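Inspection log for the structure reproduced underneath, given as structure tokens.
No experiment lies behind these values; they were computed from the predicted model shown. Below, chain A is the first sequence line, B the second, and so on; all start at residue 1.
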Amino acid sequence: MNYDQIMQLALERGFYFPSCEVYVDAQAGFWEYGPSGVSLKNKFVELWRRELVRRDRMMEIDGSQIMSQSVFVASGHLSSFADPIVTCQKCKSIFRADKLITEITSMVVPESADLSEFDKIILEKNIVCPRCKGRFDNAHKFNMMFKVDIGPESESAYLRPETCQSIFVDFPRLYKTMRGKLPIGIAQIGKSFRNEISPRQSLLRLREFYQAEIEVFCNPNKLDNLEKFSEVENTELRIMVGENIKTMTCKQSLDSGVLPNKLVTYYLGLLTEFYQKTGIDVTKSRLRKLGDKEKAFYASVAFDFEVETSTGWLELVACNYRSDYDLKSHANVSKEKFEVLDDDVKVLPHVFELSMGIDRSLYTILEHSFQDDKKNDRIVLSLKPYLAPVQVGILSLVKKDGLAEKAEEIFLNLRTKYDTFLDHSGAIGRRYRRLDEVGAPFAVTVDHQTLQDGTVTVRERDSMNQERIKISDLDLYLARETSYP
RNA sequence: GCGGAGUUAGUCCAGCCCGGCACGACGUCAGCUUCCCAAGCUGAAGGUCGCGGGUUCAAAUCCCGCACUCCGCACCA
């Protein structure tokens, strides 16, 4: 189960494939979801809604992907979501200016320093290209946001680099009109855009990607005042303590001081419970507290939810305590009021966020579900039935004797309720194998006995076991077996 | 963006050195046959040989440029 096998399965079975692939100028970092991928993604999103949005009574919004320049002045992305870069005139190597200087002179220059500051130091210390000893061009900033021009006057705007900015900007209205009460989660699923220098590895590093973000607005003085914490107190988390991953319950993590407060712990508990239900192998996951240098510029405390894949540890969710960084700066730049009343006290809420990468999560589900079943000479995707792109295949054992017609009749009765695939052609074993590869958990087969007693066989994907059930019971059977947990 | 290796049908790949109608397998489709786990037989479809230019009577093959993919470096809210 490695990256290449998943990639091949994805291409052959319609999970995902490169965008614009027939054209020469197709750019890296853009991928399309095919039919199987969309079906998996939709079901994953539905699970997310159930386990996080509905469970915690969050609000969900759907904001614009293009946002005006002021938003990113306030958010800090215009100045901070950019790296100071120097280019070697000779070999064209590109270096981060601050890192280069620190490496060679041990001087620490803040990333946010003036560009002229970098040029000055490079000149004074006579820093040359470590590769070819060439001279550097003047430092410049590479901003990772995509800029767009709006209307005939070409007003500056940007494709959002994270979905959460609309949640922050919309917060005052949502809180007022939707009768908000702290703490309150506001969630959003949508696309974000980052102009990565070198995107690679298909869904793992994209320039256009899906995020599911949850921003929890809370009173910073009441982070340990959370009744619903009891819902998760026995939920087990896997947390890195030092070099080791320790399994401990939410309550233990909190009591031992490994996690800072009830609110953060509660949401990390919900998150872990959610991922257990996606079929990702949580024994290959960990929560890792980020060091100061790794954290995003807006985070005061940050945990990554990471999973182990064939490409190494992969970050699926960034859990950042953003304090009042965002609301305060949006208040300053917009001159609007972002404070709210909490128990008759005016407070500027703090924010704890769960910023989930959907594409990476889907990849991990595929990889952790992938089984090379050599004994039965087949590839099986052991997806949870409620996430499977095809939930049931309807097959006729042979085409003749009216079996195909009977299969079609069953298909017509089930097709609007389940993701169903009808197949008459070829050997039955071959058809089972195909269904195994897209992760269809059940295959219903119409045989000669069906015509006599109205029963069909239902084959279970992972065990390959079959049982006979009445056609009239199929709907109930599938409803039970494919329902969300 | 740098260095290395690559790019030929949906997939894996041969052919390239030494220029002459692009090979095979898997998969797909249709039919026959068996009728519950990728069997067999018959037939078919599927290719701008990554893109552009050059050399040549003739380029998948030789030369130049570019793009993309993978690995390493760097980058990674």
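- The residue among A:S202 and A:P161 whose nearest nucleotide of RNA chain B lies closer to the 5′ end is A:S202.
- When the P atom of B:rC37 is taken as reference, atom CG of A:D377 falls 14 Å away, rounded to whole Å.
- If you check B:rC70 for Watson-Crick or wobble pairing at under 3.5 angstrom, you find it paired to B:rG4.
- The nearest whole Å value for the distance from the CG atom in A:L397 to the P atom in B:rC35 is 9 Å.
- Rounded to whole angstrom, the span from the NE2 atom of A:H424 across to the P atom of B:rG31 amounts to 12 Å.
- When Watson-Crick and G-U wobble pairs are counted only if both distances are under 3.5 Å, B:rG46 pairs with no nucleotide at all.
- Residue A:I428 has its side chain nearest to B:rC37 when only B:rA38, B:rA39, B:rC37 are considered.
- Spacing between atom CD of A:E12 and atom P of B:rC12 amounts to 8 Å, rounded to whole angstrom units.
- Remark: A:R378 is not in phosphate contact with B:rC37, judged by side-chain N or O atoms under 4.0 Å from OP1 or OP2.
- Across all strands shown, B:rU11 pairs with B:rA25; the Watson-Crick or G-U wobble distances both stay below 3.5 Å.
- Only the P atoms considered, B:rC70 is 38 Å distant from B:rU56, to the nearest whole Å.
- Salt bridge present: A:R459 and A:D436 bring a charged side-chain N and a carboxylate O closer than 4.0 Å.
- Of the C1' atoms belonging to B:rA74 and B:rU48, the separation is 36 Å, rounded to the nearest Å.
- A gap of 8 Å separates the C1' atoms of B:rA25 and B:rC13, to the nearest Å.
- Residue A:D423 contributes atom CG, which lies 14 Å from atom C1' of B:rA30 at whole-angstrom precision.
- When the nucleotides B:rC36, B:rA38, B:rC37 are ranked by their closest atom to the side chain of A:M464, B:rC37 comes out on top.
- Out of B:rC37, B:rC12, B:rA38, the shortest distance to the side chain of A:Q8 is found at B:rC12.
- For the P atoms, the distance from B:rC51 to B:rC29 is 28 Å, rounded to whole Å.
- The separation of B:rU7 from B:rA60, taken at their P atoms, amounts to 16 Å, rounded to a whole angstrom.
- Taking atom CG of A:L11 as the reference point, atom P of B:rU11 lies 7 Å away to the nearest angstrom.
- Within the shown strands, nothing qualifies as a pairing partner of B:rA39 under the Watson-Crick or G-U definition with both distances less than 3.5 Å.
- When all heavy atoms of A:H330 and A:V71 are compared, the closest pair comes out as CE1-O, 3.5 Å.
- Relative to the side chain of A:T457, the nucleotides B:rC36, B:rC70, B:rC37 differ in distance, and B:rC36 lies closest.
- Residues A:I214 and A:A187 approach most closely at CG1-CB, 3.9 Å, considering heavy atoms.
- Both A:E162 and A:G429 sit near RNA chain B, but only A:G429 has its closest nucleotide nearer the 5' end.
- Contact check, A:R434 against B:rG27: no side-chain N or O comes under 4.0 Å of OP1 or OP2.
- Going from the P atom of B:rG65 to that of B:rA58 covers 23 Å, rounded to whole Å.
- Base-pair partner of B:rU56: not found among the strands shown (Watson-Crick or G-U wobble, both distances under 3.5 Å).
- Computed from coordinates, the A:R430 CZ to B:rC29 P distance equals 9 Å when rounded to whole Å.
- Classification of the A:Y267-A:F352 ring pair by plane angle, with boundaries at 30° and 60°, yields tilted.
- No hydrogens or angles were tested; on distance alone, nothing pairs the side chain of A:N376 with the base of B:rC37 as donor and acceptor under 3.5 Å.
- Side-chain atoms of A:R459 lie closest to B:rC37 of the nucleotides B:rC36, B:rC37, B:rC70.
- The side chain of A:S425 has B:rA30 as its nearest neighbour among B:rC36, B:rC35, B:rA30.
- For A:R205 and B:rC75, a side-chain-to-base donor-acceptor distance below 3.5 Å is present, hydrogens and geometry of angles not being considered.
- Taking atom P in both B:rC63 and B:rG10, the straight-line distance is 28 Å, to the nearest Å.
- Taking every heavy atom of both residues into account, A:V307 and A:S285 meet most closely at CG1-CB, 4.0 Å.
- Here A:K400 does not reach the OP1 or OP2 of B:rG31: none of its side-chain N or O atoms lies under 4.0 Å away.
- Within the nucleic acid shown, A:E437 comes within 4.0 Å of at least one base atom, counting heavy atoms only.
- Protein atom CG of A:D436 is 9 Å distant from nucleotide atom C1' of B:rC37, rounded to whole Å.
- Of the P atoms belonging to B:rU8 and B:rG3, the separation is 23 Å, rounded to the nearest Å.
- A sub-4.0 Å separation between OP1 or OP2 of B:rG31 and a side-chain N or O of A:K399 is present.
- By the 30° and 60° cut-offs, the orientation of the rings of A:F44 relative to A:Y275 is tilted.
- A salt bridge links A:K406 with A:E409; the closest basic N to acidic carboxylate O contact falls under 4.0 Å.
- Nucleotide B:rC51: paired with B:rG65 (Watson-Crick or G-U wobble, both distances less than 3.5 Å).
- Taking a cutoff of 4.0 Å between a charged side-chain nitrogen and a carboxylate oxygen, A:E162 and A:R322 qualify as a salt bridge.
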